[in-house]
Amino acid sequence: MNFVKRAGMSLRARKSRTAVLLGIFVVISTLLLGGFLLQAASARQEADAQRSIGVDVTVRGKGLTPALADRLGASPLVHRYNPLVPMVAEARGFKPLESDQPQPGGRRAGAGTQGSLALNGVRDSALLLPFSYGSTRITAGRGITAKDAGRQVAVVERRLAEKNGLEVSDTIRVRSTGSERTVPLTIVGVFRNPMPAPAQWTPPHELPGNVVYVPVGTVRQLSAGAADVTEAVFRIGSPEQAGQLHAEAQRLLGTGSFDFRVNDKAYTDQVRPIQRVGTFAGLIVRLIALAGALILGLIVMLQIRGRRDELGVLLSLGEKKWKLIGQHTVEVAAVALPAVAVAALIGHIAARQTGDALLGPEADKPVAAAGAPHTSAGPHDMRVEPSDLGKVAGVGLGISLVATVIPGIGILRLHPRSLLTHGE
């Protein structure tokens, strides 16, 4: 009789033993699937966190121009970048803030508006340090983004907006100092800087309320293209990529002519715990596979010892020993496959709760240095994929093979006469 057919008959004849094997395999498969789901979810969350949090690299140096910053920002290592191009400008048609303190020499501040605004050209205002750490925040509208390149827009400070009754969508005009070049700007956002006005007299353009953020192109237009970048922030995926970006910066800016600083605190605080969860999940998978193989191996070994009479009869009838081992392997594997299906159903139901428990605390943390909404895949992205089921089925079949072949080695040393004599 074919050993596969015998395996089926044996499973039907020993229903209680089959139920025990099925229960064990369901537990093993469910735990394996949970480990694989957790690994996949943590990998997705880590990749998304690298894009939204990342590592900020600040580059400063003489001769750093917007064009060079754009070239370095075009690197495939860089997800986002922001050059900062400052200049002093005049306010036209609205009044800048003035210091309340007496100007040295006994004069009061601010008879005019010459050089009264600190105009900061940016590409992505969310990458500015005050915005990324949350001390400065947008209270109305939005910040400057890469899509604003070529547009004449501005983000103004709340105190300047309140003094002049300015709101989002209003238009202001600024002029470069010492020339007649004037640019109209549409307000797209209002921000709040918590820094109070200085206690001593301060020039108007140094007051925190007179800071205006505009696209880099606006500053270059007002300064006739001669503006330099004081610093540029580049967001990369991980600290390991900082060395590659440094090499590219050296190629563009020259060795030793710039300052290169890496800020990976936010990455370390939020991404490293996610990586530890993934590592822990991988360890769980290996331990479950090993424990499952040992448990099933012991069960199969006990079954072989309890079926010595059956083995002796089959061997005396001329059945090959490898077919006896194959029969036990088929019996265990036949139970493993439906167990995977049951585990898939359990995993689909429990994936959300498991993700909430293990990944939720990390996913719910605020993004300390992203300066953008948190878009992490999060625990709710834990889902049963066909690839995960394939891994569980592969590991389950591997466990079946190990759990039957190793104990089955003893069958190779058996002889029909000794088995039948022992049965008597």
Side-chain angles (χ1 to χ4, degrees), residues 56-70 72-73 80-92 94 96-99 113-133 135-136 138 143-146 148-161 172-179 181-185 187-195 197-198 202-234 253 257-259 261 371:
D56 286 346
V57 174
T58 302
V59 179
R60 299 185 181 93
K62 294 181 179 179
L64 181 59
T65 63
L68 288 176
D70 289 340
L72 189 57
R80 300 164 61 188
Y81 71 98
N82 179 64
L84 177 62
V85 185
M87 72 171 294
V88 177
E90 300 177 15
R92 309 299 292 175
F94 66 101
L97 300 174
E98 298 174 353
S99 179
T113 59
Q114 180 73 20
S116 54
L117 297 177
L119 217 62
N120 287 323
V122 296
R123 183 179 185 271
D124 189 346
S125 61
L127 290 181
L128 293 168
L129 192 62
F131 285 94
S132 63
Y133 279 94
S135 59
T136 298
I138 299 292
I144 302 295
T145 68
D148 291 319
R151 299 177 182 175
Q152 295 179 341
V153 296
V155 178
V156 300
E157 213 277 333
R158 177 180 55 87
R159 286 165 286 191
L160 181 63
I172 60 175
R173 299 175 68 85
V174 297
R175 188 177 72 178
S176 58
T177 58
S179 73
R181 189 177 292 108
T182 303
V183 175
L185 302 172
I187 298 176
V188 295
V190 177
F191 69 95
R192 180 183 180 275
N193 186 345
M195 184 181 299
T202 304
H205 66 273
E206 295 182 9
L207 293 174
N210 283 335
V211 175
V212 178
Y213 293 104
V214 297
V216 174
T218 300
V219 173
R220 299 183 71 179
Q221 182 180 353
L222 288 170
S223 61
D228 286 331
V229 176
T230 57
E231 68 176 31
V233 177
F234 301 88
L253 305 176
S257 62
F258 63 94
D259 181 42
R261 297 185 181 181

For [X] and [Y], work out which heavy atoms get closest and say how close.
X	Y	answer
Leu68	Gly63	CD1-O, 3.3 Å
Leu97	Leu207	O-CD1, 3.6 Å
Ala69	Ala232	CB-CB, 4.4 Å
Met195	Pro208	O-CG, 3.6 Å
Val88	His205	CG2-CD2, 3.9 Å
Pro96	Leu117	CB-CD2, 4.1 Å

Between [X] and [Y], is there a donor-acceptor pair closer than 3.5 Å when you use the side chain of the first and the backbone of the second?
X	Y	answer
Thr218	Gln152	no
Arg159	Asn193	yes
Ser135	Pro130	yes
Asn210	Pro204	yes

To the nearest 0.5 Å, how far apart are [atom1] in [X] and [atom2] in [Y]?
X	Y	atom1	atom2	value
Tyr213	Ile144	OH	CD1	10.5 Å
Phe191	Leu128	CZ	CG	9.5 Å
Thr145	Arg151	OG1	CZ	7.0 Å
Thr177	Met87	OG1	CE	6.0 Å

Review point. Given the rule in the side-chain contact (heavy atoms from CB on, under 4.5 Å) test, do Leu160 and Val212 qualify, once you have shown the distances and angles that lead to the verdict?
Key: CA-CA 9 Å; Leu160 181 63; Val212 178; 4.1 Å; yes
Test side chain to side chain contact (heavy atoms under 4.5 Å, CB included) applied to [X] and [options], the passing residue:
X	options	result
Leu84	Leu129, Val122, Val219	Val122
Ile138	Val190, Val155, Val188	Val155
Val85	Pro66, Ser223, Pro215	Pro66

Check your understanding: In terms of the angle between their ring planes, are Phe234 and Tyr81 parallel, tilted or perpendicular, with boundaries placed at 30° and 60°?
Key ->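 Parallel: the ring planes of Phe234 and Tyr81 meet at under 30°.
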Review point. Who are the side-chain hydrogen bond (donor to acceptor under 3.5 Å, both in side chains) partners of Arg60, not counting sequence neighbours?
Key: Glu231
Review point. Leu222 versus Val214: any side-chain heavy-atom pair under 4.5 Å?
Key: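 A side-chain contact is absent here, since even the closest heavy-atom pair is not under 4.5 Å.
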